[in-house]
Amino acid sequence: MFDKEIYKARREALKKSMSGGIAVFPGNSEAPENYLSNQYRFRQDSSFLYFFGIDEPDFAAVIDFDSGEEIIFGNDVSIDDIIWMGPQPSVTSKAEKVGISDSRPFKELFKVVGEAVAKGRMVHFLPPYRYYNMLLLSELLGIPCTKNGNDTRKMLAERSSKELTKAVIALRLIKEPCEIEEIDKACDIGYEMHYAAMKAARLGMKEQELVGLMEGITVSKGWGPSFAIILSQNGETLHNHMHHQYLTEGRLFVIDAGAESNTHYASDFTRTLPASGKFTQKQKEIYTIVSDANNLAVEMARPGITYREVHLATARLMLEGLSSVGIVKGDLDEMVEKGVMGLFQPHGLGHNMGLDVHDMEDLGEDLVGYDEDQVRSKQLGLGSLRMARRLKPGHVITDEPGIYFIPALIENWKAAGTNAEFINFDILKKEYYDFGGIRIEDDLLITADGCRVLGSRRLPHTVAEVEKEMAR
Ligand code: GLY
Ligand code: MN
């Protein structure tokens, strides 16, 4: 938890950007895993953490933008709770730690919100993503749930406050020095996770063993993984959570993993490694193209440029590389415009990162990642770009270009004749269907005149660096 002045300043900044009404912020509750009292590890809602800091279940908060009042709602523990959990600080003292002097039992939330509704005041809320909070908002605001939970989510997202959502995004997008310090810590844990896996990898080892090693590091140094670890020799499957294969001579494996610091700030790194510790010639060629694209983004990312422009520049560079090995042919600018790179990188260059590894994705990908004058592309690849904005100092973003050979997608384009004039389908089928995929990801902080690769050390990056570390 940060000093109370940090939370107070964030709430004051929010008040300044809102026109009136009240906002209700439900924190998260425990979520049962396989029976009621066996719960997933508790994770607080990130916007609640950002403004109210309390990292515990069953809290909510209200800010009144007209009177300036701030109220924390939560229940003090009973003697039964103390038997299982030990003594707990009071709700009042928890609220005081984040600079709020008005705390009330949870049921009072219904009274406060009910009065605002009865007076016809605007009640702002953010789009909910947990069903428990959807039920709570539905009851608080008299919005009926539908039989299909997903429809309820969509309906509440439509009824949520765009004014509040935009104001929260504007604040959370620009990271404060205390947040950058936490992200650097998360990056240092991420470094240790990846470095340990790089050192431990041996032919014949099950992928799962490396996942366990990495996950252990995250919980011994921080809160835990910032998302379920992706580690697979089938790196062409972008989010591969199957870890049942054994490391095999001649194959590559992708590790995409990060950590949360104890205060829940995230890191997110990807490295692609040769199972044997040595790249083949063909692997080196494709790896170098991706590594050059990752470095180009580091060179280009600075205030004033859009990340969409950086995405397109890296796409052009990778197409140039793919052209040099005979996979694509033709005019580079035309290939960029027609979206040829989507066949090989069906995702965007990066996303915002902060309290969430895909920061604020629940608030709406376009609202978070696009400026008002930007329209999201429908092309495969560019259409998945989650951060396209004009960069500003304080943005924290990922830089994660990749090249993947996905046989089903290649066959799909071939059958449809998509961009057929640019693509050498014969070489792809003959030489690349069993290649897998390569992604290389670092985390960047936009500074006053450029960017900084986050964390105190950068993970081994070049072919030579990776081979050297794996050989030791
Ligand atoms: N690191 C996983 C992702 O960015 O989707
Ligand atoms: Mn990422």
Side-chain angles (χ1 to χ4, degrees), residues 43 46 129 173 175 183 186-187 189-191 193-194 197 207 210-211 214-215 217-218 222-232 234-243 253-261 264-273 290-291 293-294 297-298 301 307-308 310-311 314-315 342 344-363 365-366 368-369 376 380-389 391 395-404 406 436-446 451 453-455 458-459 461:
R43 176 58 161 83
S46 296
Y129 55 92
L173 264 183
K175 271 61 183 182
I183 296 172
C187 287
I189 303 170
Y191 178 96
M193 295 164 76
H194 279 262
E207 292 163 345
L210 293 175
V211 173
M214 295 176 79
E215 194 156 330
I217 292 170
T218 68
W223 183 79
S226 52
F227 57 97
I229 292 174
I230 296 163
L231 191 155
S232 174
N234 285 104
E236 76 281 9
T237 302
L238 302 183
H239 279 183
N240 202 329
H241 296 297
M242 309 276 279
H243 314 299
F253 62 108
V254 167
I255 307 180
D256 183 347
E260 277 191 19
S261 70
H264 300 292
Y265 284 86
S267 63
D268 185 5
F269 295 114
T270 308
R271 286 295 183 265
T272 304
L273 309 172
V290 180
S291 150
N294 171 292
V298 177
Y307 212 45
R308 185 180 188 279
V310 182
H311 170 105
T314 58
F344 306 102
Q345 183 193 266
H347 64 72
L349 180 62
H351 49 84
N352 288 288
M353 195 183 78
L355 276 167
D356 309 302
V357 69
H358 284 194
D359 212 19
M360 300 177 274
E361 197 155 289
D362 52 304
L363 302 185
E365 276 187 36
D366 287 2
V368 174
R376 193 164 180 157
L380 185 66
L382 182 58
S384 292
L385 181 61
R386 289 173 148 90
M387 170 54 166
R389 282 177 184 269
L391 300 178
H395 281 156
V396 170
I397 54 181
T398 65
D399 163 17
E400 50 182 309
I403 292 180
Y404 314 87
I406 307 170
I438 293 178
R439 176 163 66 253
I440 304 175
E441 178 177 23
D442 290 303
D443 303 330
L444 310 180
L445 166 70
I446 305 303
C451 73
V453 178
L454 284 155
R458 193 176 187 189
L459 278 163
H461 194 271

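Hydrogens, waters and symmetry mates are skipped; everything else that's a heavy atom, side chains included, is used. Keep in mind it's a predicted model, so treat the numbers as computed, not measured. Note that ligands are numbered from 1 as they come in the structure, with each ligand's atoms numbered from 1 the same way.
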Novice: State which residue, out of Ile397, Leu444, Asp443, fulfils the side-chain contact (heavy atoms from CB on, under 4.5 Å) condition with Met353.
Specialist: Asp443

Novice: List the residues meeting salt bridge (charged side-chain N to carboxylate O under 4.0 Å, His left out) with Asp442, not counting sequence neighbours, and say none if there are none.
Specialist: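 Per chain and number, Asp442 pairs via salt bridge (charged side-chain N to carboxylate O under 4.0 Å, His left out) with Arg271, Arg458.
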
Novice: Do Thr314 side-chain atoms and Ala293 backbone N/O form a donor-acceptor pair below 3.5 Å?
Specialist: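 No; zero donor-acceptor contacts below 3.5 Å.
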
Novice: Give me the atom names and distance for the closest heavy-atom approach of Ala197 to Leu210.
Specialist: O-CD2, 3.9 Å

Novice: For this output row, return yes or no: ring centroids of Tyr404 and His347 closer than 6.0 angstrom.
Specialist: yes

Novice: What class does the angle between the rings of His243 and His241 fall in, given that below 30° is parallel, 30 to 60° is tilted and above 60° is perpendicular?
Specialist: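 Perpendicular: the ring planes of His243 and His241 meet at over 60°.
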
Novice: Show the short N or O contacts, below 3.5 Å, that ligand 1 makes with protein N or O atoms; if there are none, say 'none'.
Specialist:
unit_1	atom_1	unit_2	atom_2	d
ligand 1	1 (N)	Asp256	OD1	2.8
ligand 1	1 (N)	Asp256	OD2	3.0
ligand 1	1 (N)	Asp268	OD1	2.8
ligand 1	1 (N)	Asp268	OD2	3.0
ligand 1	4 (O)	Asp268	OD2	3.3
ligand 1	4 (O)	His351	NE2	2.9
ligand 1	4 (O)	His358	NE2	2.9
ligand 1	4 (O)	Glu400	OE2	3.4
ligand 1	5 (O)	His239	NE2	2.8
ligand 1	5 (O)	His358	NE2	2.9

Novice: Mind checking how many protein N/O/S atoms fall short of 2.8 Å from the Mn ion (ligand 2)?
Specialist: 4

Novice: Using 30° and 60° as the class boundaries, would you call the ring planes of His194 and Phe269 parallel, tilted or perpendicular?
Specialist: perpendicular

Novice: Mind checking salt bridge (charged side-chain N to carboxylate O under 4.0 Å, His left out) for Glu441 and listing every partner two or more places apart, or none if nothing turns up?
Specialist: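 Partners of Glu441 under the salt bridge (charged side-chain N to carboxylate O under 4.0 Å, His left out) test: none.
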
Novice: Find out whether Met242 and Thr237 are in side-chain contact, i.e. whether some heavy atom of one side chain is under 4.5 Å from a heavy atom of the other.
Specialist: no

